[in-house]
Amino acid sequence: MAVKCAFLFPGQGSQAVGMGKDFYDKSETVRDLFDAASKRTGIDFAELLFTENDRLEQTEYTQPAILLVSAVAHKLFENELPIKPVFALGHSLGEFSALESVGALDLVDAVELVNLRGRLMAEACADKDVGMLVSLGLDDATVEKLCEEQRSQGRQVWPVNYNAEGQIVVAGIKEDLKALEPLLKEAGARRAMLLNMSVASHCPLLQSAVEPLKEALERTLRDEFIAPVISNVTAEKYSDKATALELLPKQLVSPVLYKQSIAKHDDEVDCYIEFGHGAVLKGLNRRATKKPHFNVSDMASLEAAVRGVEELA
């Protein structure tokens, strides 16, 4: 098939109770993968995902749950239409889902790995009152300058997710983020609001998680990439274990260059396929690309994605 596809994988914030249930109910393969992941981690994923509970919002559970649903969505798509992507790109946690999709991580290993990643992130933030804030309507330079000015006064705030034009997420100490909020609005932000997050992702506050994650990656990563992955840290492609080992621990304490990645590589592809609950990345991509965007989040959208890609061929 000559269609050039990019595979996309969402990160934390895309979770919802009930995600993946249609796959689970209708596919024995998916149920087997859920069972294997549950046995390895001690997390009952069917209970976590399909019943009302508080744990799905805790990062050590959120991350493996999102990865598992993204990975089974990709597996089912691959069963219907086995195509190799031009590249795989994930947002934050999604970079690990991307690695699994190109063969650099075993699915159950990947679930266990991001369960650990979530735990390490929670531990790094346990003794601090941290949070994340989204700014809408300001350019990058304005947000960066305001954060820099605040840090020069001893506050701890960093731009961490470059999601789309005019949408940046800032992480740091919650009180410092609250102090930043009115300054962003004075500068012309259409909106500046705290997000429901218990960790401060992609900033120096997570430094203590870097080495333990690197050790786990060393044990888990395979040097077997069937396609390149785009790094959140550099917006560049990589396709070997050595580079992954260098970049993935850095990703914990570096900004996610998502919009830069789309801008840099958009002309290489004909379409995007997003695997996982909802269509968060489709929303971010709306102004960045005119290319078709398919989402695989249940059996109906799986069929629509397969049909859509086949029609492009």
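Residues: numbered from 1 along the sequence shown.
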Please test Tyr272 against Phe294 for ring pair (Phe, Tyr, Trp, His ring centres under 6.0 Å), starting from the C-alpha separation and ending with a verdict. CA-CA 6 Å; Tyr272 295 91; Phe294 306 104; over 10 Å; no
Distance, nearest 0.5 Å, that separates CG of Leu217 from CG of Leu116: 9.0 Å
What I want to find out is whether Glu215 reaches Arg219 closely enough, with some N-O distance under 4.0 Å, to be called a salt bridge. no
Using a 6.0 Å cut-off, check whether atom CG of Asn196 has over 12 heavy atoms from anything other than its own residue. no
Would you call Leu221 and Leu105 a side-chain contact if the rule is heavy atoms closer than 4.5 Å? yes
Listed partners of His202 passing ring pair (Phe, Tyr, Trp, His ring centres under 6.0 Å), at least two apart: none
Side-chain contact, heavy-atom cut-off 4.5 Å: Leu68 with Phe34? yes
With a 4.5 Å cut-off on side-chain heavy-atom distances among I, L, V, M, F, W and Y, is there a chain of contacts connecting Leu183 to Val134? no
If you round to the nearest 0.5 Å, how far is CG of Asn79 from OG1 of Thr29? 6.5 Å
On a heavy-atom basis, the closest approach of Ala2 and Asp270 is O-OD2, 4.0 Å
Looking at every heavy atom in both Val269 and Ala6, which two are closest together, and how far apart are they? CG1-CB, 3.9 Å
In the structure I gave you, are the side-chain heavy atoms of Leu8 and Asn285 within less than 4.5 Å of one another anywhere? yes
Atom pair CG/CG of Leu206 and Leu120 - distance to nearest 0.5 Å: 9.5 Å
What pairs with Glu218 under salt bridge (Lys or Arg N to Asp or Glu O under 4.0 Å), at least two apart in sequence or on another chain? Lys241
Side chain to side chain donor-acceptor pair (under 3.5 Å) assessment of Ser301 paired with Asp298: CA-CA 5 Å; Ser301 58; Asp298 56 21; 2.8 Å; yes
Please give me the minimum heavy-atom distance between Ala227 and Lys84, naming the atom from each residue. CB-CG, 4.2 Å
Only counting residues at least two apart or in another chain, list the ones meeting salt bridge (Lys or Arg N to Asp or Glu O under 4.0 Å) with Glu236. Lys264
If I compare all heavy atoms of Pro159 with all of Pro255, which pair ends up nearest, and what's the gap? O-CG, 3.7 Å
Contact check, side chains of Val169 and Val256, non-hydrogen atoms, under 4.5 Å: no
Short side-chain to backbone donor-acceptor contact, Asp22 and Met299, under 3.5 Å: yes
Any Lys/Arg nitrogen of Lys214 or Glu246 sitting under 4.0 Å from an Asp/Glu carboxylate oxygen of the other? no
Among Thr41, Ile43, Leu56, find the one that has a side-chain contact (heavy atoms from CB on, under 4.5 Å) with Tyr61. Ile43
I'd like to know if Leu213 and Val233 are part of one continuous hydrophobic network [Ile/Leu/Val/Met/Phe/Trp/Tyr, side-chain heavy atoms within less than 4.5 Å]. yes
Quick one, Gln12 with Thr59, criterion side chain to side chain donor-acceptor pair (under 3.5 Å). Give me CA distance, side-chain angles, the key distance, then yes/no. CA-CA 8 Å; Gln12 207 159 326; Thr59 190; 3.1 Å; yes
Whether over 12 other heavy atoms sit under 6.0 Å from Gln153 CD: yes
Under the side chain to side chain contact (heavy atoms under 4.5 Å, CB included) rule, what do Phe275 and Ile273 come out as? Steps first, then yes or no, please. CA-CA 6 Å; Phe275 297 97; Ile273 307 171; 3.4 Å; yes
For a salt bridge (Lys or Arg N to Asp or Glu O under 4.0 Å) check, start with the C-alpha distance between Arg307 and Glu80, then their side-chain angles and the critical distance, and finish with the verdict. CA-CA 10 Å; Arg307 198 164 54 245; Glu80 298 290 322; over 6 Å; no
Test item: Arg151 side-chain N/O and Trp158 main-chain N/O as donor-acceptor pair under 3.5 Å: no
Say you draw a straight line from NE2 of His74 to OG of Ser101; how long is it, rounded to the nearest 0.5 Å? 5.0 Å
Ring geometry between Phe225 and Tyr238 (parallel below 30°, tilted from 30 to 60°, perpendicular above 60°): perpendicular
Quick check: do Lys282 and Asn295 have side-chain heavy atoms less than 4.5 Å from each other? no
Might you confirm whether atom CZ of Arg191 has over 12 heavy atoms from other residues, nucleotides or ligands at distances under 6.0 Å? no
Checking Gln156 against Gln150: is there a side-chain donor and acceptor pair closer than 3.5 Å? no
Is the closest side-chain donor-acceptor distance between Arg117 and Gln251 under 3.5 Å? yes
Report the C-alpha distance between Tyr258 and Tyr162 in whole Å, list the side-chain angles of each, state the deciding distance to 0.1 Å, and finish with yes or no for ring pair (Phe, Tyr, Trp, His ring centres under 6.0 Å). CA-CA 6 Å; Tyr258 181 79; Tyr162 291 82; over 10 Å; no
State plainly whether the residues Arg40 and Asp109 are in salt-bridge range, i.e. N to O under 4.0 Å. yes
If you apply the rule side chain to side chain donor-acceptor pair (under 3.5 Å), what do you find for Asp266 with Thr289, and how did you get there? CA-CA 7 Å; Asp266 184 51; Thr289 176; 2.7 Å; yes
Before giving the answer on salt bridge (Lys or Arg N to Asp or Glu O under 4.0 Å), spell out for Lys39 and Glu112 the whole-Å C-alpha distance, their side-chain angles and the decisive distance to 0.1 Å. CA-CA 10 Å; Lys39 279 182 185 137; Glu112 184 178 41; over 6 Å; no
Is it the case that the side chain of Gln15 and the backbone of Gly13 share a donor-acceptor pair, with hydrogens and angles ignored and the cut-off at 3.5 Å? yes
Can you see which heavy atom on Cys147 is nearest to which on Val170, and at what distance? SG-CG1, 3.9 Å
Determine the minimum heavy-atom distance between Ser38 and Phe45, stating which atoms define it. OG-N, 3.2 Å
Rounded to the nearest 0.5 Å, the SG atom of Cys5 sits from the CZ atom of Phe87 at a distance of 10.5 Å
Between Lys128 (side chain only) and Ala124 (backbone N and O only), is there a donor and an acceptor less than 3.5 Å apart? yes
Can you tell whether the side chains of Glu165 and Lys259 come within less than 4.0 Å, N to carboxylate O? yes
Report the distance from atom CD of Gln260 to atom CG of Asn232, rounding to the nearest 0.5 Å. 10.0 Å
Can you find a pair of side-chain heavy atoms, one from Val130 and one from Lys174, that are under 4.5 Å apart? no
Does CG belonging to Asp54 count more than 12 external heavy atoms closer than 6.0 Å? no
Carboxylate-amine/guanidinium proximity below 4.0 Å for Glu148 and Arg155: no
Would you say His293 and Glu274 are linked by a side-chain donor-acceptor pair, where the criterion is simply a distance under 3.5 Å? yes
Any sub-3.5 Å donor-acceptor pair from Arg55's side-chain atoms to Leu48's backbone N or O? no
Will you find, in the side chains of Thr243 and Asp240, an N or O donor that is under 3.5 Å from an N or O acceptor? yes
Within a strict 4.5 Å, meaning less than it, do heavy atoms of the Phe9 and Val229 side chains meet? no
Between Asp35 and Arg31, does at least one N-O distance fall below 4.0 Å, as a salt bridge requires? no
Any non-hydrogen side-chain atom of Ser70 less than 4.5 Å from a side-chain atom of Pro10? yes
